[in-house]
Every structure is written in C-alpha cells, then in structure tokens.
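All chains are named by letter (A, B, ...) in the order of the sequence lines, taking the proteins before the strands, and each is independently numbered beginning at 1.
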Protein chains: 2
Amino acid sequence: MSQSTMPTPQEPAASGVSGQRPDAMTGSIERILPEATLARLTQYLRALNTLQSQGETRTSSGVLAQEAGVNPAILRKDLSLLGSYGTRGVGYMVADLAQHISTAMGLGQQWRVAIIGAGNLGRALSGYGGFQSRGFEVVALLDAAPEVIGSRVGKLAVEDIKNLKAVLEATSANIAVLSVPGAAAQELCDQVVACGVRSILSFAPIALQVPTGVNLRKVDLATELQILAYHAQNLG
Amino acid sequence: MSQSTMPTPQEPAASGVSGQRPDAMTGSIERILPEATLARLTQYLRALNTLQSQGETRTSSGVLAQEAGVNPAILRKDLSLLGSYGTRGVGYMVADLAQHISTAMGLGQQWRVAIIGAGNLGRALSGYGGFQSRGFEVVALLDAAPEVIGSRVGKLAVEDIKNLKAVLEATSANIAVLSVPGAAAQELCDQVVACGVRSILSFAPIALQVPTGVNLRKVDLATELQILAYHAQNLG
DNA sequence: GGCTGTGAATCTTTTCACAGCC
DNA sequence: GGCTGTGAAAAGATTCACAGCC
C-alpha cells in the first residue's frame with residue numbers, strides 16, 4: 001500500500017504518514033489505531049454496507065471476515081480496539097457496528113477534497129463515484145495549463161493553479177490530492193502545505209518531503225505493477 | 001503500500017498477494033524478497049535514475065535513502081538481500097546498482113498489460129506515462145459498453161469485453177488491470193484468470209477472490225482518503 | 001453450542017550498533 | 001576516516017487458542 005498501499009501496505013504497500021501526535025492531552029479517550037487496522041476497518045465498513053443492503057441485521061466475525069477478505073481473528077482484534085460492540089455467542093449488529101466504525105474513523109464530518117492537476121488521472125479522480133458515496137466531496141480541480149483552465153469537468157470548472165490559495169480558502173478544502181507529474185509535485189506540495197492543508201494524497205512518482213504535522217499518503221501505480229511483475233516472474 | 005498502495009501498501013497499505021510458492025525447486029538461487037522490500041526497491045530505482053540523470057556516478061546509502069524517503073539502515077539491509085554490490089568506505093556505483101535491482105525485480109522483460117474497463121480511470125491509466133517508461137506496455141483496453149467499444153484512446157481502440165479471451169491471446173497480455181465497478185469486478189476477474197492471466201491489479205472497491213497461484217494487488221482510492229481523514233481528525 | 005474478546009506465541013519488519021574493509 | 005554489511009535487539013503485526021459469556 002498499498003499503499004498505500006501501502007500499505008504500504010505498504011505498502012502497503014506504498015503509503016506512509018509523517019507527523020506523529022506527541023501523545024494526546026485531549027480529555028477524550030482517543031485511541032491511536034495502527035495503520036494496518038485503519039486500512040482494514042474501511043473494508044469492514046464496506047462489507048457491512050453490503051450486508052445491510054442485503055437486509056442482514058446481524059453478522060459474525062466469520063462472515064464479515066470472509067466478505068472483507070481477512071482472517072476472523074484479526075477482525076475481532078481490530079474491532080476490540082474500538083471497544084466491545086459484539087455479543088458473545090451471537091455476533092455483531094450490522095447497523096451498530098457500522099456506526100461505531102464510522103465514528104472511530106472520523107467519517108462523521110464531510111471532507112472537502114481539492115484535486116491538483118487536471119490531467120487524465122485528475123479528471124478521472126474528480127468523477128470517481130467511490131468518493132462522493134463515502135463523505136468525500138471534490139470541491140476544486142486546479143491546473144497550470146492555459147488550455148485546460150476554465151474547461152468543465154463534471155460540475156467543476158478547472159481553476160488556475162495561480163489562484164491556489166484563494167480557491168482552497170473559498171472552498172475550505174481540507175484534503176488535497178496531487179495528480180501532477182513528478183517534476184512539479186514537490187513545489188505544489190509545498191504550496192498546498194503553505195495554504196494550511198495538512199492531509200495530502202499523492203500520485204506523483206517521487207518521495208515528497210513534508211513538515212511534521214502534515215500527513216501524506218502515496219499511491220504509486222508503477223510500483224504496484226513492478227511488484228506484480230516480480231511475483232509473476234518468480235511464481236510463474 | 002500503499003501505494004498507497006502500498007500500501008499498500010501496503011500495500012500498503014491496501015494491497016496483498018495471494019499464492020505463495022511452496023519453496024522453490026528451481027536450480028537457481030532465487031531469493032524471496034519481503035513485500036515491504038519490493039516496494040522500497042522500486043523507490044531506490046527511481047532515486048538512482050534521478051541521480052544518474054544528474055550525472056552522479058557514485059552514491060551512498062545516506063544519499064539514496066534521503067532521496068527515496070527511507071532510513072539508511074533499512075536501505076542497506078534491503079540491498080544486502082540482493083547481494084553485496086557496494087564498497088565499504090566508498091558507496092555504490094549508480095549504474096551497477098540500478099542494473100542489479102532491475103534484474104532482481106524482473107524488469108528485464110517487457111510486460112504486456114491489458115486494462116479491463118475503459119471508464120475515466122481506465123483511460124487515464126492507459127495514457128499514464130509512468131508505465132511505458134518502466135517496461136510496461138498497455139496492449140489492450142476493453143469495455144462492455146457499446147457506446148465506448150471501438151472508440152480510440154491514444155493508440156488503442158477499445159475492444160469488446162466479449163472478445164476478452166481472443167484479445168488477451170492475440171496480445172499475449174501477462175498482467176491485467178481491473179478498473180471496473182465493484183459489482184462487475186469478481187465476474188471479470190474470474191474470466192481473466194480463466195484466460196490464464198496470473199497477475200492482476202484491481203482498483204475495484206471489493207475483496208476479490210482468486211485461486212492460489214494468481215497474484216492480486218489492490219489499490220483502493222476511497223480507503224486512502226479515509227485513512228487520511230482519520231489522521232486529519234486525530235492530528236488536526 | 002457458539003461466538004466474542006484477548007493474553008500468549010509466533011512471525012515479520014525495522015532499528016541499532018558495530019565489525020570489517022577500503 | 002568513512003561507509004557497507006549484518007548480527008542482535010526492538011518494535012509491530014498476525015495468528016493461535018481458549019476463557020468468558022450469551
């Protein structure tokens with residue numbers, strides 16, 4: 001991730017977060033969830049949605065784990081990090097559990113995503129249905145190329161990257177996605193950070209440097225294929 | 001990793017491989033590289049390319065690690081799994097090391113990629129420059145929608161998914177990329193496997209089941225954003 | 001009887017720290 | 001002196017296996 005990956009996965013596989021919080025002083029009993037657990041929790045949520053849409057009201061670690069593609073023991077361990085929301089001998093209530101996971105993952109609020117780079121990938125991402133349905137709204141799409149600026153992509157008009165700060169402020173974006181060439185990525189990343197965005201998902205094929213307190217994840221498509229190629233060579 | 005994934009991935013975060021080889025009987029001294037190492041090796045390769053294009057002929061674990069965004073100790077450990085290609089007190093020869101890593105990762109051969117699903121994402125992937133430059137050639141783009149079939153995307157015409165088997169055979173594709181909606185993914189995955197493809201990269205937001213011996217990696221864009229959202233909530 | 005929650009055991013990955021060599 | 005290569009230690013993640021509860 002993985003990448004993540006990741007993972008980072010992992011990679012997975014290809015992914016990572018910089019900026020640890022130096023031990024909460026907040027009153028609430030906040031739990032720091034391991035990265036690997038976070039990745040799986042989203043799969044559980046999806047599996048729960050599927051079950052719910054099939055009319056299931058109750059489930060078990062075995063069924064859920066099967067659906068999410070993991071082993072039941074680790075599923076139970078993951079869930080136990082959030083608290084005890086199951087019933088021994090019975091299982092979990094689908095709706096309850098989904099609610100608890102959502103809350104723990106911060107999906108209560110609406111996240112506003114700005115996509116930097118309106119190339120093929122940026123445009124594909126801005127139309128990706130999987131985002132809208134999970135509380136992520138794409139609020140801006142920016143690019144530097146004059147021939148692209150002003151063109152429409154879905155409901156959005158591509159904005160000039162020169163107006164980055166104004167656009168980020170006007171839209172209150174709190175997540176940025178970098179879908180730009182490697183050569184431009186670090187410079188744009190710095191700008192985005194300077195505008196106060198502290199969560200960045202990068203598709204650029206380079207290792208970006210970000211200050212502590214900013215969290216960065218990477219998805220590296222060529223890396224994914226290379227790992228596949230390695231396995232293909234060795235298993236094939 | 002996860003790259004995101006990945007991790008991953010990882011991957012990475014969001015990524016994984018199914019199908020372990022049950023201990024080689026091949027004569028060659030094949031090394032099984034850990035998943036996490038594989039993800040990093042590709043970063044080292046990239047860093048080496050950068051250095052090479054800057055005219056550097058020699059480097060050190062410190063410099064390379066910095067460039068790749070990892071810690072020097074693990075870089076040296078990763079490289080030591082491939083053999084001893086450095087010189088104590090001196091460092092590594094850029095070109096040599098790049099060559100060794102490429103070989104170890106199976107990048108000697110040309111990989112032929114079929115993209116299943118010619119939606120926004122599929123089209124973006126088929127035009128992604130990062131593939132061509134790393135030994136991956138997109139040889140086919142398939143879809144089920146009549147209004148898309150036959151249209152041109154770059155040099156490729158979109159083929160009818162009904163001809164999957166014929167197309168995969170004609171192009172000798174050895175890697176498939178699934179960029180289709182979740183609902184269609186398992187069915188298409190099965191078909192691709194039935195056609196003999198044993199390496200699959202999936203962007204579908206579900207857990208796919210594949211038989212042993214097939215290796216599957218996933219990149220899950222919504223998961224990446226959700227992990228960011230979690231950190232944003234807790235660090236911000 | 002069946003399924004959760006969890007300590008203990010195992011396995012994997014990362015980091016440390018230093019011997020070995022140029 | 002400097003940098004690699006690598007055992008040993010530490011940290012982290014997964015799996016086992018079973019006590020506890022319905």
**OP:** For T50(A) and Q54(A), test the side chains for any donor-to-acceptor distance below 3.5 angstrom and give the result as yes or no.
**Re:**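 Q54(A) and T50(A) do not have a side-chain donor-acceptor pair below 3.5 Å.
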
Original post:
So, do W111(A) and R134(A) sit near enough that their side-chain heavy atoms are less than 4.5 Å apart?
Top reply: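 A side-chain contact under 4.5 Å is absent here.
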
Subject >> Heavy-atom side-chain contact between L41(B) and Y230(A) under 4.5 Å >> reply: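 When only atoms from C-beta onward are counted, Y230(A) and L41(B) do not touch, as no gap falls below 4.5 Å.
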
Atom pair distance, as rounded to whole Å: [atom1] in [X] and [atom2] in [N]:
{"X": "Y92(B)", "N": "dC22(C)", "atom1": "OH", "atom2": "C1'", "answer": "14 Å"}
{"X": "L81(A)", "N": "dG12(D)", "atom1": "CG", "atom2": "P", "answer": "14 Å"}
{"X": "M93(B)", "N": "dC22(C)", "atom1": "CE", "atom2": "P", "answer": "16 Å"}
{"X": "D96(B)", "N": "dT4(D)", "atom1": "CG", "atom2": "C1'", "answer": "15 Å"}
{"X": "L97(A)", "N": "dC3(C)", "atom1": "CG", "atom2": "P", "answer": "16 Å"}
{"X": "L64(B)", "N": "dG5(D)", "atom1": "CG", "atom2": "C1'", "answer": "15 Å"}
{"X": "Y44(B)", "N": "dT4(D)", "atom1": "OH", "atom2": "P", "answer": "13 Å"}
{"X": "R58(B)", "N": "dC22(C)", "atom1": "CZ", "atom2": "C1'", "answer": "11 Å"}

Original post:
Are any of S61(B)'s side-chain N or O atoms less than 4.0 Å away from OP1 or OP2 of dT4(D)?
Top reply: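 For dT4(D), OP1 or OP2 has a side-chain N or O of S61(B) closer than 4.0 Å.
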
**OP:** Give a yes/no on whether any side-chain N or O of Y85(A) is located under 4.0 angstrom from OP1 or OP2 of dC3(C).
**Re:**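 So the side chain of Y85(A) is outside the cut-off, no N or O lying under 4.0 Å from OP1 or OP2 of dC3(C).
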
Original post:
Stems in DNA chain C: runs of 3 or more consecutive Watson-Crick or G-U pairs, distances under 3.5 Å?
Top reply: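 Detected stem regions: C:1-22 with D:1-22.
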
**OP:** Might you work through the side chain to side chain contact (heavy atoms under 4.5 Å, CB included) test for E35(A) and R217(A), ending with a clear yes or no?
**Re:** CA-CA 11 Å; E35(A) 202 69 10; R217(A) 292 187 66 82; 2.6 Å; yes

Subject >> Contact pattern, 5' to 3', of nucleotides 9-17 of chain C - B, S or - by protein heavy atom under 4.0 Å >> reply: ----SSB-B

**OP:** Check the pair Y44(B) / V70(B) against side chain to side chain contact (heavy atoms under 4.5 Å, CB included), numbers first and verdict last.
**Re:** CA-CA 10 Å; Y44(B) 305 158; V70(B) 304; 3.9 Å; yes

**OP:** For the pair Y85(B) and H100(B), name the ring-plane relationship: parallel under 30°, tilted 30 to 60°, perpendicular over 60°.
**Re:**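 Because their plane-to-plane angle is under 30°, the rings of Y85(B) and H100(B) count as parallel.
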
**OP:** Show the numbers, then the answer: is there a side chain to side chain contact (heavy atoms under 4.5 Å, CB included) between I101(A) and T42(A)?
**Re:** CA-CA 8 Å; I101(A) 296 178; T42(A) 67; over 6 Å; no

Original post:
Would you say the base of dG20(D) and the side-chain of R88(A) have a donor-acceptor pair closer than 3.5 Å?
Top reply: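 Per atom types, the contact qualifies.
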
Determine all donor-acceptor pairs shorter than 3.5 Å in which one atom belongs to a side chain in residues 175-192 of chain A; sequence neighbours excluded.
from	atom 1	to	atom 2	distance (Å)
S179(A)	OG	I116(A)	O	3.3
S179(A)	OG	G117(A)	O	2.9
Q186(A)	OE1	Q209(A)	N	2.9
Q186(A)	NE2	D190(A)	OD1	2.9
Q186(A)	NE2	Q209(A)	O	3.1
E187(A)	OE2	Q191(A)	NE2	2.8

**OP:** Please determine which of L45(A), L51(A), L79(A), L82(A) meets the side chain to side chain contact (heavy atoms under 4.5 Å, CB included) test together with L97(A).
**Re:**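 Per the side chain to side chain contact (heavy atoms under 4.5 Å, CB included) rule, the option paired with L97(A) is L79(A), out of L45(A), L51(A), L79(A), L82(A).
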
